Student: 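The structure follows.
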Amino acid sequence: MTRLGLIPWCSHELRLARLICILLVVLVTVPLVAHYYLAVDLDRGTVGGGGKGIANRPGGQWSSGVTACQGRHVEDLCRIRESVSEELLQLEARRQELNGEISRLAGRQDTAQHGVELAKQELQALKSTIVQTERSYRELLAQNQPRLSLPLRLLPEEPGPTMVPPSNPQHCRLHTCFDYSRCPLTSGFPVYLYPRGLVTGTLDLEAWHKAEAIFQSSQHATDDPKVACLYMVFVGMGMSANDLQKRLEALPYWQADGRNHLLMVLSHGAENNNPLLNVSTGRAMLAQSSFDTRQFRPGFDIVLPPLNAALIGPDLHGLPPQVPAKRKFLFSFQGESGLSNSEMGLSLRHYSVQLTSVLRSIVTSGQESVLLELTCSEVDSNALPRQDAFTSAKPSTEWALCGDHTSRLNVLQQSTFSLVIVPHATEGCPTASVALRVLEALEAGAVPVVLGSDARLLPFGEMVHWERAAILLPKARVTELHFVLRSIADTDVLSLRRQGRFIWDSYLGSLGVVVTATLAAMRTRLCLPPPPVQEEPAEQIPHRSVKLSADGVNPEGDASDLELGPQENEPPFPSERYRRNYTVALVEAELLWNAPPGPFLLFPFSPRDPILPSEAQFLGSGAGFRPIAGGSGGTGKEFQEALGGNVPREQFTVVMLTFERDEVLLDSVRRLAGLPYLNRVVIIWNSPRPPPEDLAWPDIGVPVTVVKTKKNSLNNRFLPYDVIETEAILSIDDDAHLRHDEIMFGFRVWRESRDQIVGFPGRFHAWDSTHQAWLYNSNYSCELSMVLTGAAFFHKYYGYLYSYVMPRAIRDLVDEYTNCEDIAMNFLVSHITRKPPIKVTSRWTFRCPGCPQALSHDESHFRERHKCINFFVRVYGYMPLVYTQFRADSVLFKTRLPHDKTKCFKFI
């Protein structure tokens with residue numbers, strides 16, 4: 001008995017397995033042994049070599065028999081070998097087939113696992129969406145304030161209710177003489193303009209057409225008088241008071257008392273040319289530059305600038321620079337009293353003599369260069385241009401103007417301050433000469449010094465804070481005038497001058513801005529919000545998206561071992577819009593009127609929106625907030641799971657400008673896959689050639705929108721497209737390389753500095769002392785003043801300002817050079833905020849080494865940027881850019897400088 005037979009078999013299956021093994025061993029071993037001996041016999045039976053032993057044996061017959069027997073044996077063995085070889089080939093084919101099946105099954109397994117992972121991610125996203133929706137729903141139920149949006153427009157019905165007539169129209173105020181029922185809060189402030197010829201008389205045709213065109217371009221204009229909130233009448237000259245009275249009373253919607261009517265006088269407004277002086281206007285409001293003391297109703301009538309100068313229109317390039325602060329003359333005054341000594345009363349003569357003597361004493365003191373002319377000199381008519389209407393008209397109580405508009409501007413451009421003296425007999429009432437002097441001073445950049453006038457008596461004084469643009473002094477301070485003006489620092493002089501330039505540009509500089517400002521003043525009085533700013537409609541280009549492979553989700557290994565956002569990926573959601581529709585009109589009216597861009601548009605959100613105190617997140621107003629670890633704070637995991645901060649959660653939109661660099665663009669889009677807090681990617685397709693139909697865009701988990709532009713313009717980068725639904729915009733070039741952790745760091749920094757540009761490539765403006773001009777500098781420096789928008793965060797609010805408010809001359813230059821749009825945006829933001837940008841991380845440039853030639857590689861690139869900076873300075877009147885030595889950084893980033901550069905702080 002063999003050793004195998006002594007082994008106990010435990011079960012039937014085990015015995016069967018052993019039997020199969022033995023059979024396999026036998027089947028394999030026997031053919032191999034037979035094959036071996038067959039090979040040996042064949043070798044021995046060969047004629048040469050080993051065959052010699054058989055051939056030499058005695059007994060040839062026996063030998064031949066043996067040979068025949070061996071031959072049959074060999075044939076059998078050959079057949080066996082062929083059979084075994086065939087079986088081996090079949091087994092090998094079967095093995096290969098099984099291996100192929102295993103590979104297919106493994107591939108199916110990987111595909112199934114990938115599908116499971118995708119399903120898990122989708123399930124997780126759905127769970128996150130459900131969680132976020134439930135949380136938002138709970139927050140919506142818990143909060144007391146409704147979520148606002150643009151309201152539906154409700155228009156008034158005709159006729160309006162009967163109003164109790166005032167005891168005296170001279171005592172009219174809005175709450176007694178204006179029908180508020182025709183101006184609902186959601187009406188949009190519709191205004192109807194009466195056709196020319198009803199009241200205007202011999203109004204200048206050019207002025208009428210210009211004013212009408214400006215009015216019709218307003219969003220408030222309506223052609224339906226039945227739904228109008230306000231009825232506007234342009235009044236000219238050439239009619240007697242009786243004729244004008246009859247024409248006013250014959251207006252279709254005058255309603256016997258002129259309620260809700262605004263009479264705007266389109267004349268230069270000198271006192272002796274006031275067409276409404278002896279006309280009973282009832283409840284109608286007046287808008288003109290000159291009023292009689294018996295006519296002006298404070299808080300009801302509107303003071304305008306003289307429109308003869310405003311008709312000329314602003315010349316932004318011809319305005320003098322605002323710097324230096326101090327000019328040739330400390331102050332200047334040119335004027336002549338219209339009264340003779342015989343016509344003056346005792347008190348008026350005493351006032352005039354005292355004022356004149358004090359002013360002359362300042363001149364004779366010689367402490368400061370002062371230009372003072374109290375008598376208009378008689379010069380040859382060829383020496384000065386023809387005098388204007390204001391010069392020839394010398395009202396009995398006014399200080400007459402000397403020279404004409406051009407000659408007066410020449411003097412004012414050399415004056416730090418411009419003295420404006422209010423006539424003694426007309427104090428408490430707006431006058432044309434005072435308004436014109438203030439207007440010319442602002443145009444020339446001279447700070448007005450108004451003696452004896454209330455700020456409310458200056459143009460649009462009800463809304464404009466003239467204290468921020470002019471020096472207002474009582475006449476009793478004239479003896480201390482020199483001390484007051486000498487004590488004003490250069491910073492205050494330039495601040496007053498800059499504010500005066502804003503007021504002149506926005507409300508006084510042309511007939512267009514005067515008409516627009518008049519409508520805005522009426523709307524502000526009625527506590528109605530401005531019209532909403534228009535979104536730029538995006539014409540989308542259809543495109544095909546493909547799923548990214550597992551290797552393509554994180555191609556550069558963007559800190560894959562770090563948690564950069566919440567574990568549950570948030571679905572895209574827009575920023576809340578128009579939350580402060582009526583708050584702006586009620587609370588911030590004065591702020592809007594006295595800071596750029598003015599009160600003319602309602603924006604869906606603003607970087608200046610106020611923030612809640614910290615405890616409000618946990619006590620009653622916590623809707624939308626995501627404090628870190630529920631408010632207890634934390635590091636690492638807790639920090640990355642929530643945004644924290646002082647404002648509710650939000651996302652950002654990537655805006656990428658591209659021009660015929662498809663592969664570079666797709667790589668840049670692909671790198672955005674998995675980026676937390678990303679709402680959408682907007683591709684500005686600047687090429688006239690549409691994308692190829694077979695172009696496969698990567699599916700990065702958020703919408704990718706391709707926008708077709710009307711023309712190839714770098715200004716398209718900042719258009720406020722309607723597909724951009726977030727406040728935060730990451731503007732990035734199509735060849736910029738940023739890691740995810742860098743983007744998230746910049747986003748968090750921007751959330752704390754929402755009114756500034758926050759980005760990566762820093763630049764600064766350098767002064768060329770040789771040519772007395774500005775230079776654009778991209779060298780390494782310890783100071784910077786610009787962050788290029790090729791990789792920067794900014795608020796969408798600035799996109800509206802850049803596209804619709806910023807002077808068009810700047811955008812035209814950008815189109816001419818195909819350059820400088822990033823500099824223009826830095827100028828705009830610094831001009832609005834008076835703050836520098838914020839640079840984050842040590843990144844300096846973001847160019848792709850393998851990308852095609854960029855515009856910045858052209859030698860003319862820097863020359864054009866030098867020209868852009870100096871042109872922008874001329875348009876703004878000063879250099880808005882502000883230097884900074886601050887950089888927001890993480891300790892994980894290191895700054896590498898060239899060998900010939902030195903760090904700002906050696907050990908920091």
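Just so we're clear, the structure is a prediction, and the values are computed from it rather than from any experiment.
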Student: Is there a side-chain hydrogen bond (donor to acceptor under 3.5 Å, both in side chains) between D755 and T833? Walk through the geometry before answering.
Tutor: CA-CA 7 Å; D755 59 340; T833 64; 5.3 Å; no
Student: Can you pull the salt bridge (charged side-chain N to carboxylate O under 4.0 Å, His left out) pairs that have at least one residue in residues 601-612, sequence neighbours excluded?
Tutor: R579-D609, R580-D609
Student: Between T818 and V814, is there a donor-acceptor pair closer than 3.5 Å when you use the side chain of the first and the backbone of the second?
Tutor: no
Student: Apply the test salt bridge (Lys or Arg N to Asp or Glu O under 4.0 Å) to residues R577 and E727: give CA-CA distance (whole Å), side-chain angles for both, the deciding distance (0.1 Å), then the verdict.
Tutor: CA-CA 9 Å; R577 301 159 57 86; E727 298 183 55; over 6 Å; no
Student: Could you tell me if the ring centre of Y883 sits under 6.0 Å from that of F764?
Tutor: no
Student: Do S785 and R763 meet the criterion of a side-chain donor-acceptor pair at a distance under 3.5 Å?
Tutor: no
Student: About how many Å separate CG of N712 and CG of N715, when rounded to the nearest 0.5 Å?
Tutor: 10.5 Å
Student: Is the shortest distance from a Lys or Arg side-chain nitrogen in R501 or D505 to a carboxylate oxygen in the other one below 4.0 Å?
Tutor: yes
Student: Would you call E650-R754 a salt bridge at under 4.0 Å N-O?
Tutor: yes
Student: Quick one: are V464 and L458 in side-chain contact, heavy atoms under 4.5 Å?
Tutor: no
Student: Classify the angle between the aromatic ring planes of W750 and F747 as parallel (below 30°), tilted (30 to 60°) or perpendicular (above 60°).
Tutor: parallel
Student: Classify the ring geometry of F600 against Y507: parallel below 30°, tilted from 30° to 60°, perpendicular beyond 60°.
Tutor: tilted
Student: If you measure only the distance, is there a donor-acceptor pair under 3.5 Å linking the side chains of R865 and N819?
Tutor: yes
Student: Does the side chain of H795 reach to within under 4.5 Å of the side chain of S606, using non-hydrogen atoms?
Tutor: no
Student: Is the backbone of V787 close enough, under 3.5 Å, to the side chain of N826 for a donor and an acceptor to pair up by distance?
Tutor: yes
Student: Between the side chains of S415 and S332, is a donor N or O closer than 3.5 angstrom to an acceptor N or O?
Tutor: yes
Student: Does a side chain donor of either T658 or D734 reach within less than 3.5 Å of an acceptor in the other side chain?
Tutor: yes
Student: Side chains of Q651 and T726: is there a donor and an acceptor less than 3.5 Å apart?
Tutor: no
Student: Main chain of E590, side chain of N594: is a donor-acceptor contact present, judged purely on distance under 3.5 Å?
Tutor: yes
Student: If only atom types and distance count, is the side chain of K796 paired as donor or acceptor with the main-chain N or O of Y721 below 3.5 Å?
Tutor: yes
Student: Is the ring centre of Y800 less than 6.0 Å from the ring centre of F603?
Tutor: yes
Student: Given H765, which partner from the list W774, Y776, F827, F872 fulfils the ring-ring contact (aromatic ring centres under 6.0 Å, His included) test?
Tutor: W774
Student: Are more than 12 heavy atoms, taken from residues, nucleotides or ligands other than E467, located less than 6.0 Å from that residue's CD atom?
Tutor: yes
Student: Test D490 against every option in K326, R327, R497 by the salt bridge (Lys or Arg N to Asp or Glu O under 4.0 Å) rule and name the one that passes.
Tutor: K326
Student: Yes or no on ring-ring contact (aromatic ring centres under 6.0 Å, His included) for F794 and F718, after CA distance, side-chain angles and deciding distance?
Tutor: CA-CA 10 Å; F794 65 89; F718 304 122; 5.7 Å; yes
